[in-house]
4 protein chains.
Amino acid sequence: MSGLKWLEAEKKLFRDGQTFNPHRLEWIADAEASVSTAVDVSATEALVKLSGTLRKVPVGIIGPREATEAQCALAEKLGAAFARHGLQLVCGGKNGVMEAACKGHAEFGGMPVGILPDEEWQAANPYVAIPIATGIGPARNALIARACVALVAVGGGVGTLSEMALGLQFNRLVLAMHDAPEVKGVDRYDNIDDVLERVALRLFTGK
Amino acid sequence: MSGLKWLEAEKKLFRDGQTFNPHRLEWIADAEASVSTAVDVSATEALVKLSGTLRKVPVGIIGPREATEAQCALAEKLGAAFARHGLQLVCGGKNGVMEAACKGHAEFGGMPVGILPDEEWQAANPYVAIPIATGIGPARNALIARACVALVAVGGGVGTLSEMALGLQFNRLVLAMHDAPEVKGVDRYDNIDDVLERVALRLFTGK
Amino acid sequence: MSGLKWLEAEKKLFRDGQTFNPHRLEWIADAEASVSTAVDVSATEALVKLSGTLRKVPVGIIGPREATEAQCALAEKLGAAFARHGLQLVCGGKNGVMEAACKGHAEFGGMPVGILPDEEWQAANPYVAIPIATGIGPARNALIARACVALVAVGGGVGTLSEMALGLQFNRLVLAMHDAPEVKGVDRYDNIDDVLERVALRLFTGK
Amino acid sequence: MSGLKWLEAEKKLFRDGQTFNPHRLEWIADAEASVSTAVDVSATEALVKLSGTLRKVPVGIIGPREATEAQCALAEKLGAAFARHGLQLVCGGKNGVMEAACKGHAEFGGMPVGILPDEEWQAANPYVAIPIATGIGPARNALIARACVALVAVGGGVGTLSEMALGLQFNRLVLAMHDAPEVKGVDRYDNIDDVLERVALRLFTGK
């Protein structure tokens, strides 16, 4: 139970006498919120309802450049799911898992942001819509971990591990899928729907 | 004369037997390019024609947090002009010139990216659509300079000066408007249309 | 067997007809190297012999700010051992394991370098001889991992884990002591002498 | 007049009933400071008196890689002057002005620190004693500006200009020598002695 309610007439999300501000991702006290005609929604359903008005706060998909077919297939589906639910994908902008995630995201109307280690934007994979060249090499992992409110690892070696550890250090939600490295404090998910609900819960409740 | 030609029937930009790939921002040899019905276009006109298909390569507006009304008014118009011409605004995401630029950009359908010095995205000004928190403080100036293919300074003190200098060091196009700092190698522009044409020329020809 | 030989008369380290250049940390072909009077030395012994002429290439001690007594006691001994063997300590410059390592290093004549997350050098622990304020927050972990040829973790949480992962990504030698996080590819050592020999071997042979 | 006094018997620097703590670079209230036998000293003289006990807070020499003979000659003298007065040189660790400064510093017993743009320490010039590889490219300019309490530019182009601007942004003392870029708020010095006195004054008084 997410505790979230949707009022279709006013296109508003609320809970406990608070209304959600989708641009600031904050709950505002709202005594007048009329609850009677509201319906319970999951965090994922709320995402879809607010899609279009929700601030484009980055959510990351991280993983290896040299990726297996299974990793890429999963990353592509995950990137697509992000786009269909209005989540803003940010990733490292290179190949493998990153490219697959961008491909899925772009195909469903998303505008994938790639934070590149390279000096020039041309180093981005072809599905990156907004390339951010940093020129600082793998130290850009710290930027990805900082920029995203949640990070989902799909497989990965030491680079991905560093992003997961930095994410935890920055109090980001960090989730593992498939064969992502084992890290204490990181829960593993088998299912994209569960990942979406968990990420949405973080956005709506900070949990 | 930009040397650019537009073929409306094929929605293609070309020059000298080359066709422009708007996603890769590259010219491709194309012997069959039928020139007869093409019309001369300025770089700015080409921007508008390709808007929607052009890769969202960042263009920066830089300037002070503590900005004058004149600086803010100009920055807002410039941000709006970027959006109307399909240019992707990237800025520092804070107040003053940055906020004004984002406001103008967002009002005309742009999705302003703010590369923040802060640790959390909430520190962005309210018009930033995609906030990128870096947590690295003013060192993020180097990231803005690197990420953008062109930087337009509207006023500014030492922070802006550092971005202009870094931009030159990274071979970015750096332009000055209004009372931006004097820097050797940086041309000053009085007019937004001229800035657009100059930036578009850089995108299309690398000049 | 390190394969290293020391010729006291010429104060030279050599092996297989090569002489070691302690400033460049490189082996130079040297056919005239007279082997007859040379003695076998361990890598640790070679360190001591060359102490004073060896380039001050950084070696890191990493670990938590909030450290146990056991972690601090070990870090202090390790820092001291680095100083007595001519190794240049680099660390994060803050408290806990970092401060203990600096204390031990400084007491034996070392000049600990602290690469600080903070904006001002005054944030260094009192034993840091050369404070390097970065102002980039925990992203400085990437700098420590890059700057050091070897990193020894003494305990640690997610911050230390990120440094270990980044160290592996940068092909640094990464060692774990005490209760440092488990990371695939990182060997665990119980004994400071073994750590010294392993680090020295990296410096002399790249292994 | 620096307002500084030296008491040889106690090897102490004081002023106005305060004693200077050379490790913390702070003035401590000290009512018992016996002034009668103290002598007035310049800030530069105080540097020499405290050399050996003064915390090794970085002072930077910045300038171009492709340097003129005149720039290199000046940088070498300046680096040497730093070493003779106990100042810790930090620079970019590459060639030209940086190498000349390191050469002068090392020849007079200094241990030059080089904060390198490169991924590996071997990219340092041969006079760097403690190489700090960052792997972040020219963005390391921001680190040099942050790490140093004072920066002296000897010539320079856009790279040096960015360091000067960042230094001002971080409230560092920034001085220009020879043909360093003109920057508002940066005083120009012709004379190494005057630079030393100015830098020492910053260390002792924060001015």
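A note on names: the letters A, B, ... follow the listed sequences, proteins ahead of strands, and every chain is numbered from 1. What you are looking at is a predicted structure, and each value in this text was computed from that prediction instead of being measured.
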Are side-chain heavy atoms of C:F14 and C:L4 found at a separation under 4.5 Å?
no
Could you look at [X] and say if it's the side chain, the backbone, both or neither that has a heavy atom under 4.5 Å from chain C?
{"X": "D:A124", "value": "both"}
{"X": "D:I136", "value": "side chain"}
{"X": "D:I144", "value": "neither"}

Partner residues of D:A200 under the side chain to side chain contact (heavy atoms under 4.5 Å, CB included) criterion, sequence neighbours left out
D:A43, D:L47, D:F204
Could you tell me which non-hydrogen atom of D:A83 sits nearest to which non-hydrogen atom of D:G110, and how far apart they are?
CB-N, 3.9 Å
Nearest-0.5 Å distance, [atom1] of residue [X] to [atom2] of residue [Y]:
{"X": "C:I192", "Y": "C:F82", "atom1": "CD1", "atom2": "CZ", "answer": "9.0 Å"}
{"X": "D:L196", "Y": "D:L78", "atom1": "CG", "atom2": "CG", "answer": "7.0 Å"}
{"X": "C:I62", "Y": "C:C91", "atom1": "CD1", "atom2": "SG", "answer": "10.5 Å"}
{"X": "C:L201", "Y": "C:L173", "atom1": "CG", "atom2": "CG", "answer": "9.0 Å"}

Less than 3.5 Å apart, which donor and acceptor atoms pair up between the side chains of residues 149-157 of chain D and the rest of the protein, not counting sequence neighbours?
none

Quick one: of D:V113, D:L143, D:L116, who has the most non-hydrogen atom pairs under 4.5 Å with chain C?
D:L143
Between chain D and chain C, which N/O donor-acceptor pairs sit under 3.5 Å?
unit_1: D:H23; atom_1: NE2; unit_2: C:P126; atom_2: O; d: 2.5
unit_1: D:R55; atom_1: NE; unit_2: C:V128; atom_2: O; d: 2.7
unit_1: D:R55; atom_1: NH2; unit_2: C:N125; atom_2: O; d: 3.1
unit_1: D:R55; atom_1: NH2; unit_2: C:V128; atom_2: O; d: 3.4
unit_1: D:K56; atom_1: N; unit_2: C:A129; atom_2: O; d: 3.2
unit_1: D:E119; atom_1: O; unit_2: C:R172; atom_2: NH2; d: 3.0
unit_1: D:E120; atom_1: OE1; unit_2: C:R172; atom_2: NH1; d: 2.9
unit_1: D:E120; atom_1: OE1; unit_2: C:R172; atom_2: NH2; d: 3.3
unit_1: D:E120; atom_1: OE2; unit_2: C:R172; atom_2: NH1; d: 3.0
unit_1: D:N125; atom_1: O; unit_2: C:R55; atom_2: NH2; d: 3.1
unit_1: D:P126; atom_1: O; unit_2: C:H23; atom_2: NE2; d: 2.5
unit_1: D:V128; atom_1: O; unit_2: C:R55; atom_2: NE; d: 2.7
unit_1: D:V128; atom_1: O; unit_2: C:R55; atom_2: NH2; d: 3.4
unit_1: D:A129; atom_1: O; unit_2: C:K56; atom_2: N; d: 3.2
unit_1: D:A133; atom_1: O; unit_2: C:A147; atom_2: N; d: 3.4
unit_1: D:A147; atom_1: N; unit_2: C:A133; atom_2: O; d: 3.4
unit_1: D:R172; atom_1: NH1; unit_2: C:E120; atom_2: OE1; d: 2.9
unit_1: D:R172; atom_1: NH1; unit_2: C:E120; atom_2: OE2; d: 3.1
unit_1: D:R172; atom_1: NH2; unit_2: C:E119; atom_2: O; d: 3.0
unit_1: D:R172; atom_1: NH2; unit_2: C:E120; atom_2: OE1; d: 3.4

